[in-house]
Enquirer: 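Have a look at this one.
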Amino acid sequence: MQSAVVVFPGSNCDRDLVQAISAQSASACKMLWHKDTSLPRGLDILFIPGGFSFGDYLRCGAIAANSPIMESIIDFAHKGGFIIGICNGFQVLTEAALLKGTLLRNSGVNFICRQQSLIVTSNDSIMTKNFSKGEKLKLPIAHHDGNFFADEATINVLEQNEQVLFRYDNNPNGSKNDIAGIMSENHRIIGLMPHPERATDENLGSKDGTRIFQSLVECF
Amino acid sequence: MKLIVRISLKKSILDPQGEAISNSLKSLGFSKLNSVRQGKILELDLEETDPDCGVKIAKEMCEKLLVNSVIENYSLEIE
C-alpha cells in the first residue's frame, strides 16, 4: 500500500498515523508538507491527520483546505484516489467540499476526550470491509468541533446512498443521526471523527484501530 | 478602503457557544434576555478605492475562505 500523510502546521496525529500504517504495511508511509504542490507517483491512499491545523483559526480546517497542496489532493480525489481524513482531517475534507456537511461545535460546548463506542454502519468501504454491519468497536475521540451537521436533504442522501460509515453508540456531541464518519458518493473519500491510529495497542485502551489498518492494507 | 464583514450562523444552526453565553448572562441576573447568537466581525483593509470593486473582492474572499455557506451567512459594509 503506497500511502502518504499530509502535515499542516498544528497537525499532531501525523506520526501516530505513520506508526499505525507502518505496523501493517510493507511500504513506508510518506510524510508530505502542506506547501508541497504534488503527490508522490503511484499513491494508493492519502491521509489527512488529526490535530489543530493552523490553530483552528477562522474555522476548523478552513485554512488547511486552502493550502497549496489541496489542489493536487482535489485532483487526486477527482481521479478516484482514496483519501481518509481523521478528526481535523475530516474537518479539512468538508471545508474543501470533498465531503458533504460540516462539523459544528459539540452540543455540550466542551472538548471531549474519551473512549467511544461506535457502530459500523456500512462495511462497503476500505476501512470497514473486515467488519460486519452493526458491529461495535471502541475508538478514542478527542474533539471540540465534532458535531456533524448537514441540511435534511443532504442527510437523507447520505443515508440512502449508504454513505454513513460509523455512528456513535451514545451520541457524545449532538451529531445529526449520530453520525461519526461518512464517505463520498464513490465511497473512496472518508472522513471520521474517531481516531483509529490511537487504538493500535492494548496499552492504549483498544486495539480495534489495528483491524481498520489491516483492512486498508489488504485492499491494495 | 475598509470593509466590515459580519459573519453569523444561519438561524437553523444550533449555536452552543451563544447558548452558553446566554445562560451565563441569565445567571448574572439579566432576566430580560431572550437569546444570544455568536458570530464574527472581520475588518478588511483593501488597496482599492472603488466601492463596487472593493465589495466584489470582499465577496470573493467570503466565498473562497471566510464563510462556510453550509452554516453561515454574511453581510458586507463599507466603513
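Chain A is the first sequence line, chain B the second, and so forth, proteins listed ahead of strands; every chain is numbered from 1.
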Enquirer: Does NZ in B/Lys56 sit with more than 12 non-hydrogen atoms of other residues, nucleotides or ligands closer than 6.0 Å?
Expert: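 Counting neighbours around NZ of B/Lys56, 12 or fewer heavy atoms of other residues, nucleotides or ligands fall under 6.0 Å, so no.
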
Enquirer: Work out which heavy atom in B/Lys64 is nearest to a heavy atom in A/Asn66; give both atom names and the distance.
Expert: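 For B/Lys64 versus A/Asn66, the nearest heavy atoms are NZ-OD1, 3.2 Å.
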
Enquirer: Return the minimal non-hydrogen interatomic distance between A/Glu95 and B/Asn68, and the atom names on each side.
Expert: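 Taking A/Glu95 first and B/Asn68 second, the nearest heavy atoms are OE2-ND2, 3.4 Å.
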
Enquirer: Do you know the tightest heavy-atom contact between B/Pro16 and A/Ser107?
Expert: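 Shortest heavy-atom contact: CB-O, 3.7 Å.
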
Enquirer: Measure the spacing between CG of A/Asn106 and CD of B/Gln17 and express it to the nearest 0.5 Å.
Expert: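 Reported value, rounded in 0.5 Å steps: 10.5 Å.
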
Enquirer: Should the heavy atoms of other residues, nucleotides or ligands under 6.0 Å from NZ of B/Lys10 be counted, would the total exceed 12?
Expert: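 Enclosed: over 12 neighbouring heavy atoms sit under 6.0 Å from NZ of B/Lys10.
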
Enquirer: Which answer fits B/Glu72, side chain, backbone, both or neither, if we ask what part of it has an atom under 4.5 Å from a heavy atom of chain A?
Expert: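 Just the side chain, heavy atoms under 4.5 Å.
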
Enquirer: Is there a donor-acceptor pair closer than 3.5 Å between any side-chain N or O of A/Arg105 and the backbone N or O of B/Leu14?
Expert: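 Answer holds: no.
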
Enquirer: Please list, in residue-number order, every residue in residues 33-43 of chain B that has a heavy atom less than 4.5 Å from any heavy atom of chain A; write 'none' if there are none.
Expert: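 Hits under 4.5 Å: B/Lys40.
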
Enquirer: Considering residues, nucleotides and ligands other than A/Lys129, do more than 12 of their heavy atoms fall under 6.0 Å from its NZ?
Expert: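 Yes - once you tally the heavy atoms of other residues, nucleotides and ligands closer than 6.0 Å, there are more than 12.
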
Enquirer: Using a cut-off of 6.0 Å, state whether more than 12 heavy atoms not belonging to A/Arg15 lie near its atom CZ.
Expert: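 No, because the 6.0 Å sphere around CZ of A/Arg15 holds 12 heavy atoms or fewer from other groups.
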
Enquirer: Pick one of side chain, backbone, both or neither for A/Asn147, based on which atoms fall under 4.5 Å of a heavy atom in chain B.
Expert: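 Side chain of A/Asn147 only, per the 4.5 Å heavy-atom cut-off to chain B.
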
Enquirer: CD of A/Glu185: more than 12 outside heavy atoms within 6.0 angstrom?
Expert: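 Counting neighbours around CD of A/Glu185, 12 or fewer heavy atoms of other residues, nucleotides or ligands fall under 6.0 Å, so no.
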
Enquirer: Side chain, backbone, both or neither: which part of A/Leu104 has a heavy atom under 4.5 Å from chain B?
Expert: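 Interface part for A/Leu104: side chain.
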
Enquirer: More than 12 foreign heavy atoms under 6.0 Å from CD of A/Glu71: is that the case here?
Expert: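 It does not: A/Glu71 CD has 12 such atoms or fewer within range.
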
Enquirer: Side chain, backbone, both or neither: which part of B/Ile7 has a non-hydrogen atom closer than 4.5 Å to chain A?
Expert: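 Contact with chain A is absent: no heavy atom of B/Ile7 under 4.5 Å.
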
Enquirer: Check the surroundings of atom CZ in A/Phe111: do more than 12 heavy atoms from other residues, nucleotides or ligands lie under 6.0 Å from it?
Expert: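 Enclosed: over 12 neighbouring heavy atoms sit under 6.0 Å from CZ of A/Phe111.
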
Enquirer: If you measure from CD1 on B/Ile71 to OG1 on A/Thr94, what distance do you get to the nearest 0.5 Å?
Expert: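 Between atom CD1 of B/Ile71 and atom OG1 of A/Thr94 there are 8.5 Å.
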
